[in-house]
Enquirer: 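Below is the structure I would like to discuss, written out as structure tokens.
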Amino acid sequence: MSALQTSSLICSSSSSSSSSSSSRRINAAIHVPKLSNVRFPVPKKATVTKQLLIEEVNNLKDAFINVDYGTESKSRTEESYNTRQKLYAILEAVSDRVEMHDNIGHQRDNWNTLLLNSINMITLTASTLAGVASAAPSGTTLLALKLGSALLFSAAAGMLLVTNKLQPSQLAEEQRNASRLFRQIKSQIETVMALGSATEYDVTDFMDKVLTLDRAYPLPLLGAMLEKFPQKYEPATWWPSKPSKRDQNEPSQVGKNDNNGWTLELEEEMREIINVVKDKDSEDYERLGNLILKINKVLAISGPLLTGIAAVSAPFVGNGPWGGVLAVTAGALAGAVNSFQHGGQVGMVFEMYRNCGGFFKLLEEEIEATVEEKDLEKRENGELFQMKVALRLGRSLPQLKELATKSASFRTSGTAIDEFASKLF
């Protein structure tokens, strides 16, 4: 084989190898899987689409705002708004009254302290002058001592008359009670508004409560001051009276099943609680109130009487052995009586008993009005009412039931129960 042929063979072989290799590469490329072309729709004008979306949202918002709920729904919304406005007005007035009663209460408590100290200092000074005058020689000095002692005793007697008429400690206690009760009304209004259940009945009810409380604890002294020495003890009344809604002869609709939280057993329990409150707590405070009233009357008369005797005896000091003795003794006793009456705040104690008696009287009326209501849906929920009564008496629910059971057993046996309903006071 010639060189030319050999070269041609090599080239041919090389070409064949090259073409076969190329053919394999092509085949490999052909068998690779191809992804299908997926076309996503692209908005032609993105800004236009965004504007349309914004306009659509605004249209929906306007439609929601301008939706017509009907005449009845609108009137209800307007009525609820007006009711809340009225309650806010009452709330502002109550807050103002709380501030006024607080300030006046502090002022009248200061009266009690200042008048007590001033009268005692005047009385003791006059007694001292009378004692010195009884040992002084006759002359100008004796006359000056007797005159000074008589004038001071007379001033003390006049101040005692005014102080005993006003009873500053009792006035201060009245304002403290009024402030506490107005805060209670304020809390009740805030609770009703927070629950969102305010009605026109609530507005009228709170108005009556505020005006009745104004009459129960007046701010002015002249012409409106409460009688400090009544004929007998009467519990304070600071709530509006409400007529009974139920005929006493009509039977209760409460059955054995639960009806708004009420059962026959719960009704009987409430009635037993009323009996205990009337027979024990109210009666005890009435007895104590009448006792304190008598003591206060005796002290209110004794103080000015003793200082008056001392004032009359002072000019006779030095004219005999009994003038000085009577003036000094009466003056000392007047100071002791004044300290016991106004330092011990006997008037405040009497007012406290009046307030406690009013608390039990209100509790009795609330329980009776609730139990006598024939429409169970108009009653307060039985379990809630039971819990409130227990809290106001300072008892737990089991203790309240135990007290009712004990009262029923004592009443059956014909004897009085030996336990008070309240554990607070």
Side-chain angles (χ1 to χ4, degrees), residues 64-106 174-220 223-224 226 235-246 260-261 355 358-359 361-385 387-389 391-392:
F64 178 77
I65 294 174
N66 298 324
V67 64
D68 186 8
Y69 292 102
T71 306
E72 183 179 357
S73 179
K74 287 181 180 179
S75 63
R76 285 181 181 177
T77 304
E78 184 177 354
E79 182 181 354
S80 176
Y81 177 73
N82 292 336
T83 301
R84 291 180 65 85
Q85 279 189 319
K86 293 176 183 177
L87 287 178
Y88 273 119
I90 297 174
L91 191 62
E92 290 177 0
V94 169
S95 300
D96 186 52
R97 281 169 168 79
V98 169
E99 189 69 22
M100 286 192 297
H101 283 283
D102 277 341
N103 293 338
I104 293 179
H106 290 310
E174 290 173 5
Q175 303 310 311
R176 283 192 288 266
N177 289 333
S179 179
R180 178 182 62 83
L181 293 170
F182 273 119
R183 284 192 177 93
Q184 192 177 80
I185 294 177
K186 180 182 178 182
S187 176
Q188 292 172 357
I189 296 175
E190 291 172 347
T191 300
V192 169
M193 296 179 68
L195 293 175
S197 58
T199 61
E200 283 297 323
Y201 173 80
D202 294 316
V203 174
T204 305
D205 185 47
F206 285 125
M207 280 286 294
D208 290 343
K209 287 182 178 179
V210 170
L211 297 178
T212 307
L213 189 53
D214 284 338
R215 292 191 295 270
Y217 295 104
L219 285 170
L226 297 178
T237 304
W238 60 83
W239 61 93
S241 59
K242 296 181 180 179
S244 177
K245 299 180 180 179
R246 177 181 170 185
N260 192 23
N355 185 261
F359 170 85
K361 184 179 179 182
L362 176 60
L363 183 63
E364 292 172 22
E365 291 187 5
E366 287 181 350
I367 295 177
E368 288 176 350
T370 302
V371 173
E372 290 173 3
E373 174 59 59
K374 64 179 181 178
D375 190 349
L376 301 180
E377 294 302 323
K378 291 183 179 179
R379 291 186 187 181
E380 189 173 8
N381 180 268
E383 296 177 356
L384 177 60
F385 186 76
M387 184 186 70
K388 287 183 177 180
V389 172
L391 288 173
R392 292 170 72 174

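What you are looking at is a predicted structure, and each value in this text was computed from that prediction instead of being measured. We're numbering straight along the sequence, starting at 1.
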Enquirer: Would you indicate whether the side-chain heavy atoms of Glu174 and Ile104 approach each other to under 4.5 Å?
Expert: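 Ile104 vs Glu174: side chains apart.
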Enquirer: Restricting to non-hydrogen atoms, name the atom on Gln175 and the atom on His101 that form the minimum distance, rounded to 0.1 Å.
Expert: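 Smallest interatomic distance, heavy atoms only, reads OE1-ND1, 2.5 Å.
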Enquirer: Does a side chain donor of either Glu365 or Trp239 reach within less than 3.5 Å of an acceptor in the other side chain?
Expert: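 A donor-acceptor contact under 3.5 Å links the two side chains.
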Enquirer: So, for Val203 and Ile90, which heavy atoms are closest and what is the spacing to 0.1 Å?
Expert: O-CD1, 3.7 Å
Enquirer: Please tell me if the side chains of Lys86 and Met207 come closer than 4.5 Å, counting only heavy atoms from C-beta onward.
Expert: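 Result no, sub-4.5 Å side-chain heavy-atom pair not found.
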Enquirer: For residues Leu91 and Phe206, determine if any side-chain heavy atom of one lies less than 4.5 Å from a side-chain heavy atom of the other.
Expert: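 Leu91 does not reach Phe206 side chain to side chain.
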Enquirer: For a quick test of your reading: what N or O donor-acceptor pairs under 3.5 Å do the side chains of residues 186-195 make, sequence neighbours left out?
Expert:
{"unit_1": "Gln188", "atom_1": "OE1", "unit_2": "Lys209", "atom_2": "NZ", "d": "3.1"}
{"unit_1": "Thr191", "atom_1": "OG1", "unit_2": "Ser187", "atom_2": "O", "d": "2.9"}

Enquirer: Show me the side-chain donor-acceptor pairs of residues 212-219 shorter than 3.5 Å, one per line, residues at least two apart or across chains.
Expert:
{"unit_1": "Thr212", "atom_1": "OG1", "unit_2": "Asp208", "atom_2": "O", "d": "2.7"}
{"unit_1": "Thr212", "atom_1": "OG1", "unit_2": "Arg215", "atom_2": "NH2", "d": "3.4"}
{"unit_1": "Asp214", "atom_1": "OD1", "unit_2": "Arg97", "atom_2": "NE", "d": "3.0"}
{"unit_1": "Asp214", "atom_1": "OD2", "unit_2": "Arg97", "atom_2": "NE", "d": "3.0"}
{"unit_1": "Asp214", "atom_1": "OD2", "unit_2": "Arg97", "atom_2": "NH2", "d": "2.9"}
{"unit_1": "Tyr217", "atom_1": "OH", "unit_2": "Asn355", "atom_2": "ND2", "d": "3.4"}

Enquirer: Are Leu391 and Lys388 close enough that some pair of their side-chain heavy atoms sits under 4.5 Å apart?
Expert: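 Side chain of Leu391 against side chain of Lys388, heavy atoms only: no contact under 4.5 Å found.
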Enquirer: Are Tyr88 and Glu92 linked by a side-chain donor-acceptor pair shorter than 3.5 Å?
Expert: no
Enquirer: How close do Thr83 and Thr199 get, heavy atom to heavy atom, and via which atoms?
Expert: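 Closest pair (atom of Thr83, atom of Thr199, distance): CG2-O, 3.6 Å.
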Enquirer: Please answer whether the main-chain N or O of Gly105 pairs with a side-chain N or O of Arg176 as donor and acceptor at a distance below 3.5 Å.
Expert: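 Side chain of Arg176 to backbone of Gly105, a donor-acceptor pair under 3.5 Å: no, none is there.
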Enquirer: I would like to know whether Gln184 and Leu181 meet side chain to side chain contact (heavy atoms under 4.5 Å, CB included); could you show each step before the answer?
Expert: CA-CA 5 Å; Gln184 192 177 80; Leu181 293 170; 4.1 Å; yes
Enquirer: A side-chain contact here means heavy atoms from C-beta on lying under 4.5 Å apart; do Arg392 and Glu366 qualify?
Expert: yes
